[in-house]
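Every chain is numbered from 1 and lettered A, B, ... according to where its sequence line falls, protein lines coming before strand lines.
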Amino acid sequence: GAVVSQHPSRVICKSGTSVKIECRSLDFQATTMFWYRQFPKKSLMLMATSNEGSKATYEQGVEKDKFLINHASLTLSTLTVTSAHPEDSSFYICSAYRGTDTQYFGPGTRLTVL
Amino acid sequence: AQSVTQLDSQVPVFEEAPVELRCNYSSSVSVYLFWYVQYPNQGLQLLLKYLSGSTLVKGINGFEAEFNKSQTSFHLRKPSVHISDTAEYFCAVSVRVLTGGGNKLTFGTGTQLKVEL
């Protein structure tokens, strides 16, 4: 099956610092990747759609200046949480399309902001 | 816009018993339907999907689901569950976006399946 990786799997940072999370499609090329945020015992909330070679499309209510997304190649998208605060602590999950109908998900990144 | 309803937030079941996890959706256009499973502190794994064709879809780990257009449902079933099936299960729908590639997914709120001895 399609494999998507995320790095790091867990990160703890101080308030005010920035954190970068990488999402890679390991065995396929993905023109479209998605970034989700998941709160404890809650469903996934789509944050943005990342298209290779173009600007990301953010969902309503998501601050694009705070959550910077870069889709630099067909196998890599990055999410940078800038000036992180404790309320940004969450589980961040990326996904990538293989073909045009099915998303494959990464294992997630647990961000804790102190 | 489309939406997904998973009425059962928790489903307890004994090992080797059958289980059904319910999913209903609403959409004004044709949709693709998916079931994903999430184990603690992990990402989502695709269980099965309905894109077109046969309404009975078989997936991994012995799960199956049936697409019922008239009832707008896509319930997930397994005839005999195992302890290892304990996880969170998410139903999702998608429609094709107009630009770019790939379809946006709309998720239900999830159903926690707890298999007990």
Side-chain angles (χ1 to χ4, degrees), chain A residues 1-7 9-10 21 23 25 28-60 71 74 77 90-110 112, chain B residues 1-10 21 23 25 30-53 57 59-61 67 87-114:
Chain A
V3 180
V4 176
S5 70
Q6 277 183 247
H7 178 79
S9 58
R10 187 180 296 268
I21 302 170
C23 177
S25 55
F28 64 100
Q29 293 182 329
T31 54
T32 302
M33 292 183 172
F34 294 88
W35 286 95
Y36 295 85
R37 184 173 180 179
Q38 186 178 33
F39 294 97
K41 299 189 183 299
K42 296 290 185 184
S43 188
L44 281 73
M45 181 191 78
L46 178 64
M47 298 175 66
T49 303
S50 172
N51 292 304
E52 188 267 338
S54 63
K55 290 184 178 180
T57 303
Y58 291 82
E59 295 298 301
Q60 192 172 8
H71 197 150
L74 287 172
S77 176
S90 193
F91 194 53
Y92 293 88
I93 305 175
C94 72
S95 70
Y97 263 99
R98 184 177 190 175
T100 58
D101 53 50
T102 304
Q103 288 186 34
Y104 291 90
F105 287 79
T109 297
R110 174 76 58 194
T112 303
Chain B
Q2 57 278 359
S3 66
V4 179
T5 302
Q6 291 182 251
L7 287 173
D8 306 307
S9 59
Q10 281 191 334
L21 306 183
C23 173
Y25 70 94
S30 295
V31 297
Y32 298 152
L33 294 155
F34 305 83
W35 275 99
Y36 287 89
V37 59
Q38 184 179 33
Y39 298 100
N41 296 310
Q42 295 186 28
L44 275 66
Q45 181 181 5
L46 179 67
L47 271 180
L48 49 78
K49 61 184 178 182
Y50 172 79
L51 305 179
S52 64
V57 180
I60 62 171
N61 301 340
F67 170 57
E88 188 85 17
Y89 291 80
F90 291 98
C91 180
V93 301
S94 72
V95 295
R96 185 169 296 278
V97 297
L98 296 178
T99 58
N103 307 333
K104 285 188 179 183
L105 279 174
T106 299
F107 284 90
T109 50
T111 298
Q112 175 68 40
L113 175 64
K114 186 173 182 181

**Student:** Please name the pair of heavy atoms, one in B:K104 and one in A:F34, separated by the smallest distance, quoted to 0.1 Å.
**Tutor:** CG-CE2, 4.0 Å

**Student:** Could you measure the distance from the CG atom of A:L44 to the CG atom of B:L44? Nearest 0.5 Å is fine.
**Tutor:** 5.5 Å

**Student:** Which members of residues 3-10 of chain B, sorted by number, sit under 4.5 angstrom from chain A on a heavy-atom basis?
**Tutor:** none

**Student:** Given the options B:Q45, B:Q38, B:E88, B:Q112, which has more heavy-atom pairs under 4.5 Å with chain A than any of the others?
**Tutor:** B:Q38

**Student:** Can you tell me which portion of A:Q38 sits under 4.5 Å from chain B's heavy atoms? Options are side chain, backbone, both or neither.
**Tutor:** side chain

**Student:** Going by the rule side chain to side chain contact (heavy atoms under 4.5 Å, CB included), which residues pair with B:L51 if we only count those two or more places apart in sequence or in a different chain?
**Tutor:** A:D101, B:Y32, B:F34, B:K49

**Student:** With a 3.5 Å distance limit and no angle check, can you tell me whether A:S43 reaches the backbone of B:G108 through a side-chain donor-acceptor pair?
**Tutor:** yes

**Student:** Who among B:N41, B:T109, B:T106, B:L105 has the most heavy-atom pairs with chain A under 4.5 Å?
**Tutor:** B:L105

**Student:** Per the ring-ring contact (aromatic ring centres under 6.0 Å, His included) rule, which among B:F90, B:Y36, B:Y39 passes with A:F105?
**Tutor:** B:Y36

